[in-house]
Structure formats: structure tokens, C-alpha cells
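Reading through the C-alpha cells given below for one structure.
Being a predicted model, the structure only gives us computed values, none of them experimental. Here is the naming used below: chain letters follow the sequence lines, and residue numbers restart at 1 for every chain.
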2 protein chains.
Amino acid sequence: MARAEHRSGPDGEGICVPDDCPCEIGACTLSKYVRTTNESRGDHHHTLAETETAVAEMLSGMSVDMESMAAVQNIYRAANAVRKRLESSVLAPHDLTWTGWVVLWVVWIWGDIETRHVAAEAGISKGTLTGVIGTLEKRGLLKRRTHPDDARRVLVSLTAKGRKLMIVLFPKFNEEESYVTHSLSSPEKATLARTLRKVALQVEP
Amino acid sequence: MARAEHRSGPDGEGICVPDDCPCEIGACTLSKYVRTTNESRGDHHHTLAETETAVAEMLSGMSVDMESMAAVQNIYRAANAVRKRLESSVLAPHDLTWTGWVVLWVVWIWGDIETRHVAAEAGISKGTLTGVIGTLEKRGLLKRRTHPDDARRVLVSLTAKGRKLMIVLFPKFNEEESYVTHSLSSPEKATLARTLRKVALQVEP
DNA sequence: GATCAGTCGTTCGGGCCCGAACGACTGTGT
DNA sequence: ACACAGTCGTTCGGGCCCGAACGACTGATC
């Protein structure tokens, strides 16, 4: 079972322990799937190439679709990185969770929408949505009312307070979206969106 | 405040309620951020164009970077779609969560790794990791031991049972990774990975 | 040797997350 | 009228998720 060994980097941050930390350049990060924790202080990185080398070594003998693996990995990694970035820079100051934001967004755009549709749009289960809407309702950002024609259903809409919050928050959010894609050219962004849509459609039938 | 109205589609699945569901083609899905719930039965879809039209209408007067917004949205949407797909097809049959899988993967590849590094690699907080490792340890898939040179630290490694599971599971997982990127050409996959890496690096400094 | 600042993993409370089970309700068919 | 199959949102238990606070431990400095 091959395993990488390493010694601490020249800067000697003292975070990697020689002989034990499985890094090769005093920089610990597998880069698999995702990595965006606010706690890694000295911030270590394996390059993707290093990771792939370690993986290839581990997986020698198995037939592996490295290309697809790398693509999927980076989707998840980028998504988490972006999410955590937006959470901490835009949402946290207003004490909003990511899911709370998404729900507010959906209700803002479509207004007076049934909860089951909100759940579908937000990509969460209806059971989860009940709790999230409860939280947001408690804070006076949206309100529930029974569907006039079908007592089983519940319609959701923003309150004035909720609308005011969105008008303040959305520009900040969009500004951060611009920032995180700042290193991409305009056609790159378009291609990225188009390619990812193909992936999503492959999965959502 | 403009809002789309619609009537049920010709197939009349009876899921969208006329006059109330904010769809235009009897197909409800905002496509914002993500949408992959196993509960939406009749499976409704707004095209991205429709969504963008509704958003644009809602946001008229504000200056919005639509291109970046679409890129970020699709990253998150694809990530969730892929995650839920892999969870249900590969992980759920073995009663594994996504996070549990990622942790097992990290430990499998790097072996005998300190918990703080596992947390960084997996992209979760150390507090969360304590619980996840507890779960996996209880199931006999990995084991903890105190670092020989530093009693504060804890080393994690797979058990024989854990290794055996990975050898069974990884090929299935990789096969699904191939499937979800099936509609992409080889250079498209490479470009996708490279582009997403740029986004991730923009955020993780 | 005795601080002491810093790092380790753990614990805790509150929120999200899911699937299964539930009561309320609807529309259909009898 | 009246069952009844199906859908609605809610509740529940178990797991993940975070940040803050904590005790254990280390290494450097006195």
C-alpha cells in the first residue's frame, strides 16, 4: 500500500508533522471533492497533480476514469468553495443560512408560491422546508397562508420586511458571484454554465 | 411586481394548480441553484431561459451580472444533482452518507492521517469530523489511535473491513462519475475541470 | 522546573437534511 | 352519500454541519 511521505516545508509553520503527515511538499490538501474550511490556518495544498499521482498509485491495477473523476471532483469542490465564500461574506452578517437564502430567493422571484414548489426549486425535501420556512417566518421575512381552493396546500410569500432584505442583499450576493468568477472570461463563464447544465440534465431526467 | 402566470400543461398531470402555480408551461422549476428532489413526481421544468426572463423582470432596474449568476447557479445545481445521484445509486445501498464516503476516501488514499488533515481534505469542520469518524468507527470501517509523538493528535486509518468496502465501492462510484459526465466530450471534461479549478482557486486563496 | 501562548480533538446547542409515517384534505367512483 | 386512493404539509428520529467553548497537551521562555 503505497503512501506518500514528506517533511515540513521550509517555512516551518509547524502544522505538518514530519514523518506523519502524508504530504510531499509540506502542504497538506488532497483536493479531493472539496476543501474550504475556515480552520486550516497555515493553508496547505497538494496540487491536483500530486493528488492524482497518489490516487493513481493507490488505484494501480484498477481501471479508473480519471477524466470524469477530476471533472466531478472539481464540480463539488468549486460548489462548496463558492457556497462557503458567499455564506461568510454575504449571508452570515445577516444571520442567514444558504438554504434560507435560496428559499427567500425562490419566493422573491416567483411570489405567492406553493410550498411543494418551493421545495422542488430549492432542491430540498418538503420535510426540511417545513423547518426552514418556520425559521424564516419566525423572523418575519415571509408568511404562510392556506390555499383558497385547496385546504391541503400552503402558499408562501415574502413580507415587506423580507422584500426589503432581498433588495439589500441581492446586489451584494450578485457582486460576490461576479468576484468568484472574476478569473473567467466572458465566454468561459458561458461555456461553464452550458457544460454544467449538460451534466445536470444528464442526472435530472 | 411582475409575476408569471400559467395554466396546467396539456398532459394534465394535475400537479400544477391553474391560476396559482407560477409556471408558464405547466412545468415548475425555477432552476435556480439546484433542483434534485426525489419527491417531485411529475417533474416539471422551467427552462433556464424562462427562469432568467422571470429574474430579469424581477430585477429590472437593478444592474445584474447575469453571466456570473448563471455560472454560479449552475455550479451549485450540478453539484447537488451529482451528489444526490451518487448518494442514491452507490452510497445509500451501503448505508453511507456523502460525507462518510469522502472521509473514507481521504483515509483510504492517504492512510494513517491526522484528523485535522482529514477535516481539511474533506472540507468539513473538525467538530463535524469528530461525529463522522465516531459513526464510521462504530461501524468498524476505520480506527483511531493516538499519535505516538504528540498525545493531542489522533491518527486515523481504515480497518480491513473498511479497505474491503472501498475496493468494492470505488469502482461503482467511478462508474457513476463516468455516467454523469457521459454527455461531455473528453476535452469538455478537461476544460470543465480546469475552469472550475480556477473558480475554486479564486476563492481559496 | 514553572509559566503560558498556542494547538489538538472533543463537546455542546442550534439549524439543516432526509425518509418514513401521519392526519387533513381532495376528487373520483360507486 | 360514502368509501377510497392519492396528495398536501407536518412531525419525528437520526445524522450532518458549524462555531464557540473546553480540557488536554506541547513547546518555548523565563
Atom pair distance, as rounded to whole Å: CG in B/Asn80 and P in C/dC16: 16 Å
Who passes side-chain contact (heavy atoms from CB on, under 4.5 Å) against B/Thr115, sequence neighbours left out? B/Leu129, B/Ile133, B/Val154, B/Val156
Any A/Ser125 side-chain nitrogen or oxygen under 4.0 Å from OP1 or OP2 of C/dG19: no
A/Leu96 CG to C/dG14 P, in whole Å, measures 19 Å
More 5' along DNA chain C: A/Gly131 or A/Arg152, using each one's nearest nucleotide? A/Gly131
Assess the side chains of A/Glu176 and A/Ser89: does a donor N or O sit below 3.5 Å from an acceptor N or O? yes
CH2 of B/Trp98 versus C1' of D/dC16: gap in Å, rounded? 14 Å
Do side-chain atoms of A/Asn74 reach the backbone of B/Leu196 as a donor and acceptor pair under 3.5 angstrom? no
Taking the side chain as every heavy atom from C-beta outward, state whether A/Glu177 and A/Phe173 have any atom pair closer than 4.5 Å. yes
Below the 4.0 Å mark, does D/dC16 have OP1 or OP2 next to a side-chain nitrogen or oxygen of B/Thr135? yes
OP1 or OP2 of C/dC16 under 4.0 Å from side-chain N/O of A/Thr99: no
How close or far is atom P of D/dC8 from atom CG of A/Asp149, stated in whole angstroms? 15 Å
Tell me which nucleotide among D/dG9, D/dC16, C/dG9 gets nearest to the side chain of B/Val154. C/dG9
Considering only heavy side-chain atoms of A/Val132, the closest of C/dC16, D/dC8, C/dG9 is C/dC16
Mind calculating the distance between CD (A/Glu114) and C1' (D/dT10) to the nearest angstrom? 16 Å
Phosphate oxygens OP1/OP2 of D/dT11: is one of them under 4.0 Å from a side-chain N or O of A/Thr130? no
Counting side-chain heavy atoms from CB outward, which of C/dC16, D/dG15, C/dG9 is closest to B/Arg116? C/dG9
Nearest-Å distance, CD1 (A/Ile124) to P (D/dC17)? 16 Å
Closest approach to the side chain of A/Arg144, judged atom by atom: which nucleotide of D/dT26, C/dC18, D/dT10 is it? D/dT10
In whole angstrom, give the distance that lies between atom CG of A/Leu91 and atom C1' of D/dG19. 16 Å
May I ask you to verify if any side-chain N or O of B/Thr128 is less than 4.0 angstrom from the OP1 or OP2 atom of D/dC18? yes
In whole angstrom, what separates B/Lys84's NZ from C/dC16's C1'? 12 Å
The answer to which of A/Ile133 and B/Ala151 contacts DNA chain D further toward the 5' end, by nearest nucleotide, is A/Ile133
5'-most contact on DNA chain C (nearest-nucleotide basis), B/Leu129 vs A/Lys138, goes to B/Leu129
For the ring pair B/Tyr76 and A/Trp98, is the centre-to-centre distance below 6.0 Å? yes
